[in-house]
Amino acid sequence: MRFSKMLIPTTKEVPNDATLPSHIYLVRGGFIQNVGGSGLYNFLPAGKRVLDKVRAIAKEELDAAGCQEVDLAFVTPAALWEESGRYEKYGKELLRFKDRKANDFVLGPTHEEMMVNLVRHTVKSYKQLPLNLYQIKTKFRDEIRPRFGLMRGREFLMKDGYSFHKDAEDMQREFDLMEQTYSRIFERLGLDFRIVEADSGAIGGSRSKEFMVLADSGEDTIVVCDSCSYGANIEAARRAPKLAPVYAKDEAPEMTRTDFHTPGVTTIDALAEFFHIDPHHLIKAVAKKALYDEGVEKIVLFFIRGNDALEETKACNAVEANELIDVSEEELRAAGLTPGYMGFNALPEGVIFRMDQELRSEGNLIMGANRDAYHTIGVQMPDVSEHYADLIAVQPGDVCPHCAGTLSHTKGIEVGHIFQLGTRYSEPLGATFLDENGKAKPYEMGTYGIGISRLLAAIIEQHHDERGCIWTPASAPFAVEIIISNVKKEAEKEAGEALYAQLQEAGVEVLLDDRPERFGPKMSDFELIGIPLAVVIGKKLADGQAEIIVRDGLERTDVAIDTLLDEVTKRL
RNA sequence: CGGAGUGUGGCGCAGUCUGGUAGCGCACCUGCUUUGGGAGCAGGGGGUCGAAGGUUCGAGUCCUUUCACUCCGACCA
């Protein structure tokens, strides 16, 4: 390809709203173009080439693992979503609209329903299983706040796969196979990633793992162990139960249950100060409003240790709500609660609560008494299983649940997510097959996603410098760029054209910068666009030499013109 | 949804307070010069000033309404 003919609108200007390197360089390098804000992007020729590279690698590995590519309708009937119960649950991210006959449709944000629908009409027997179908297709999610370029757009390209099995063991086998397959895809792309345990979110199902590309700019917080391979999204991270501070003999707190007058003591810090006690022995009440289907709202209280923090995703799951939102003091009072003095005894009607599982069977605790200016001391935790759940956010320094290692936080970009779904969709959608005994059973399912367009951003987040993109060999739009320093010099032009022809002949993807520009802008564009290798044909041609530049590190080597082809080929 | 902003040529902005011929930089087009780190000179094209309504002899500027986008937060594939 000739640069002079290719639409690569590079700019010096940093886009106004861009803060992340990937966003800045993908726009400046002429890969993508924003469409009137709002999380929509056009892919320009260079961006499209990269996208196709990534897509092709995913396809190769998936096909090799026995998956089959399909292409489902993007516009999907709302009726299917009502069948699965997600029409409401998915919330505002689901873009809904009506056609001319006033029938309801949604733009697919993910395609479980569509795929189950396809399979339930075509697969009838266990002999046709297992089956793993996938597509690489545009998705639309009406994100609350799209940002960071391709990282969180509203329209994006995603690989979504769905597998169907006759039993849970076979689904587990496929889940493991997909974990390996995804790992190979990300390895081939040259990414440094980590597989972590995750929350299943709106997709549902029992178990799930996320593939996180490690980058400071990642939106997800992940918890990792410093001595074993344990890693988890903060939303699903576990820890060894927190131990009480070590006390000298007879100094551990002991108290008899009683209500204590504590005027003005409404925070954990104040309470710890007031009783001269470690917050470990205090119970913190966190109030939220839980939203359910059909506009139902409930006040919920979460009780955790004074030195812990609430993990909202866990809390949301614990009360099976669609969403948790903040609740005002007025609303709490209206519900009969006393902010600053809330506890789980003598709760008003209609308020639901959960307690952190680590508190179970603990005693000698201090908690709000549910009346103004009083705390109860000497609280013993009730032994009622359904009130307990994992609610806390793992903190750096907590102990690993698998070994004695220390946990810490790091940031990651979620580029893949695999789920064991079980019968979450097949059952409500009535998708069954006949087993060996001729009995109808719902499929055991798995679902597997890769953010294809997000991967471009993830690659650049991990591979860039202060001058621009550094594409990994597998993802680069071209393998080599030839820069003719001055196209008006016949000798330079001829040498450049000759190498261009030779490389094309050899099947190398090559970009020839034959623009009538000066050297500066050409060099800057090379660095910005980030093709792995450049050959500069310029001044040194007089000595029979050209220069090879490796983009990653910008190391330059002079080589003789007659060995150029070999020198380039061996660096590919 | 809460808070804060911004809408003027393709992009980035000034002009708005104090109403009076729409401007600057970049980009673009033509010509000449230049050619190893985002060139110089000369000439040129392009704007319903987010939209609607109002005040006024006159509105980018003042008033009302509205829409969109961005940032922080909340939330989230």
Side-chain angles (χ1 to χ4, degrees), chain A residues 9-19 23 27-28 30 33-40 90-94 109-110 139-148 150-160 198-203 208 210-212 218-221 233-235 288-289 291 312-313 315-316 321-328 412-417 419 447 449-455 457-458 467-468 483-489 492-493 513 515-528 534 536-542 546-547 549 554 556 558:
Chain A
T10 58
T11 59
K12 275 191 285 188
E13 298 290 331
V14 174
N16 220 358
D17 57 332
T19 49
H23 189 185
V27 172
R28 282 194 52 212
Q33 179 184 59
N34 183 256
V35 184
S38 69
L40 304 174
Y90 215 95
K92 293 202 177 119
E93 278 181 34
L94 195 59
T110 171
K139 298 287 181 290
F140 192 92
R141 295 184 189 176
D142 201 355
E143 293 279 347
I144 306 171
R145 195 172 161 215
R147 56 184 137 179
F148 305 139
L150 294 184
M151 201 76 94
R152 183 169 294 279
R154 290 199 293 175
E155 185 178 311
F156 56 98
L157 190 65
M158 175 171 162
K159 174 263 159 176
D160 50 321
D199 174 67
S200 298
I203 307 290
S208 82
E210 289 171 330
F211 292 75
M212 290 286 184
E219 288 189 88
D220 289 279
T221 299
N233 192 303
I234 184 91
E235 295 174 352
K288 294 280 172 183
K289 192 152 56 173
L291 305 185
E312 281 213 20
T313 300
C316 189
N322 291 343
E323 196 180 345
L324 291 183
I325 58 173
D326 287 342
V327 57
S328 67
I413 302 165
E414 183 187 349
V415 293
H417 200 159
F419 300 79
T447 183
I450 296 178
I452 301 284
S453 47
R454 179 182 282 181
L455 270 170
R467 297 178 187 228
I483 299 171
I484 300 174
S485 178
N486 182 350
V487 289
K488 286 201 178 159
K489 294 203 170 142
E492 289 184 18
K493 188 162 163 59
D513 194 344
R515 295 173 300 167
E517 299 286 335
R518 295 159 62 94
F519 180 75
K522 291 185 184 182
M523 197 59 202
S524 300
D525 278 348
F526 160 67
E527 288 160 348
L528 179 59
V536 179
I537 308 225
K539 278 203 313 207
K540 291 167 184 164
L541 186 62
E547 194 171 42
I549 305 176
L554 294 172
R556 300 171 178 220
D558 291 341

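Just so it is clear: chains get the letters A, B, ... in the order the sequence lines come, proteins before strands, and each one is counted from 1.
- Taking a pair to require two hydrogen-bonding distances under 3.5 Å in either a Watson-Crick or a G-U wobble arrangement, B/G5 pairs with B/C69.
- In this structure, the CD1 atom of A/I325 is 12 Å from the P atom of B/C1, given to the nearest Å.
- Among the protein residues, A/V27 comes within range of no part of the nucleic acid, since none of its heavy atoms lies under 4.0 Å from any strand.
- Both A/K12 and A/E143 lie close to RNA chain B; mapped to their nearest nucleotides by heavy-atom distance, the more 5′-ward contact belongs to A/K12.
- Closest heavy-atom contact between A/P146 and A/G39: CB-CA, 3.7 Å.
- Atom pair A/E517:CD and B/U35:C1' shows a separation of 11 Å (rounding to whole Å applied).
- Heavy-atom minimum distance, A/N486 versus A/E492: N-OE1, 2.8 Å.
- By the 4.5 Å heavy-atom criterion applied to side chains, A/L554 and A/R467 are counted as neighbours.
- Only the C1' atoms considered, B/U8 is 12 Å distant from B/U61, to the nearest whole Å.
- Comparing the P positions of B/G58 and B/G53 gives a spacing of 16 Å, expressed to the nearest Å.
- Atom-to-atom, CZ of A/R28 to P of B/G12 comes out at 14 Å; the value is rounded to the nearest Å.
- The separation of B/C24 from B/U65, taken at their C1' atoms, amounts to 33 Å, rounded to a whole angstrom.
- Each of A/G451 and A/G520 was assigned the nucleotide of RNA chain B with the nearest heavy atom; the assignment lying further toward the 5' end belongs to A/G520.
- Looking at heavy-atom distances under 4.0 Å, A/R515 makes no contact with the nucleic acid at all.
- When the nucleotides B/G38, B/G36, B/C75 are ranked by their closest atom to the side chain of A/P521, B/G38 comes out on top.
- Across all strands shown, B/G12 forms a Watson-Crick or G-U wobble pair, both distances under 3.5 Å, with B/C24.
- With hydrogens and angles ignored, no donor-acceptor pair closer than 3.5 Å exists between the side chain of A/N486 and the base of B/G36.
- The separation of B/C57 from B/U70, taken at their C1' atoms, amounts to 39 Å, rounded to a whole angstrom.
- One can place CD1 of A/I483 at 14 Å from P of B/G38, the figure rounded to the nearest angstrom.
- Rounded to a whole Å, the NZ atom of A/K289 is 13 Å from the C1' atom of B/A74.
- If you check every strand for non-hydrogen atoms under 4.0 Å, A/E492 touches nothing.
- In this structure, the CG atom of A/L324 is 15 Å from the C1' atom of B/C1, given to the nearest Å.
- Annotation: side chain of A/R28 is not in contact with side chain of A/E13 (no heavy-atom distance under 4.5 Å).
- Residue A/E93 places its side chain closer to B/C76 than to any other of B/C76, B/A39, B/G38.
- Base pairing of B/C76: no nucleotide in any strand meets the Watson-Crick or G-U wobble criterion (both distances under 3.5 Å).
- Rounding to whole angstrom units, CZ of residue A/R154 and P of B/C69 are separated by 7 Å.
- Residue A/V14 is out of contact with every strand shown, counting any heavy-atom pair closer than 4.0 Å.
- Applying salt bridge (charged side-chain N to carboxylate O under 4.0 Å, His left out) to A/R152 and the options A/E93, A/E414, A/E143 leaves one that passes, A/E143.
- Using a 4.0 Å heavy-atom criterion, one finds that A/K522 contacts no nucleic acid atom at all.
- At least one side-chain heavy atom of A/V536 sits under 4.5 Å from a side-chain heavy atom of A/F519.
- The C1' atoms of B/C41 and B/U34 are separated by 11 Å, rounded to the nearest whole Å.
- Of all non-hydrogen atoms in A/L40 and A/N34, the two that sit nearest each other are O-ND2, 3.5 Å.
- Both distances falling under 3.5 Å, in either a Watson-Crick or a G-U wobble arrangement, place B/U30 opposite B/A42.
- Side-chain polar atoms of A/T10 and A/D525 form a donor-acceptor pair below 3.5 angstrom.
- Listed nucleotides B/G36, B/U35, B/C75 differ in distance to A/I144; the shortest reach to its side chain belongs to B/C75.
- Judged by atom type and distance alone, A/R147 does not reach the base of B/U70 through any side-chain donor-acceptor pair under 3.5 Å.
- Atom pair A/E13:CD and B/A27:P shows a separation of 9 Å (rounding to whole Å applied).
- Comparing B/G15 with B/G36, their P atoms are spaced 41 Å from each other, to the whole Å.
- Counting any heavy atom pair closer than 4.0 Å across all strands shown, A/E547 reaches a base atom.
- Considering only side-chain atoms of A/T313, the nucleotide from B/C76, B/C75, B/G38 that sits closest is B/C76.
- B/C76 and B/C63 have their P atoms separated by 40 Å, with the value rounded to a whole Å.
- Contact annotation for A/D220: no contact, since no heavy-atom pair falls under 4.0 Å across all strands.
- Donor-acceptor pairing under 3.5 Å, judged by distance alone, is present between the side chain of A/R152 and the base of B/C76.
- At a threshold of 4.0 angstrom between heavy atoms, the contacts of A/G153 with the nucleic acid are absent.
- Checking B/G36, B/U35, B/G38 against the side-chain heavy atoms of A/K488 singles out B/U35 as nearest.
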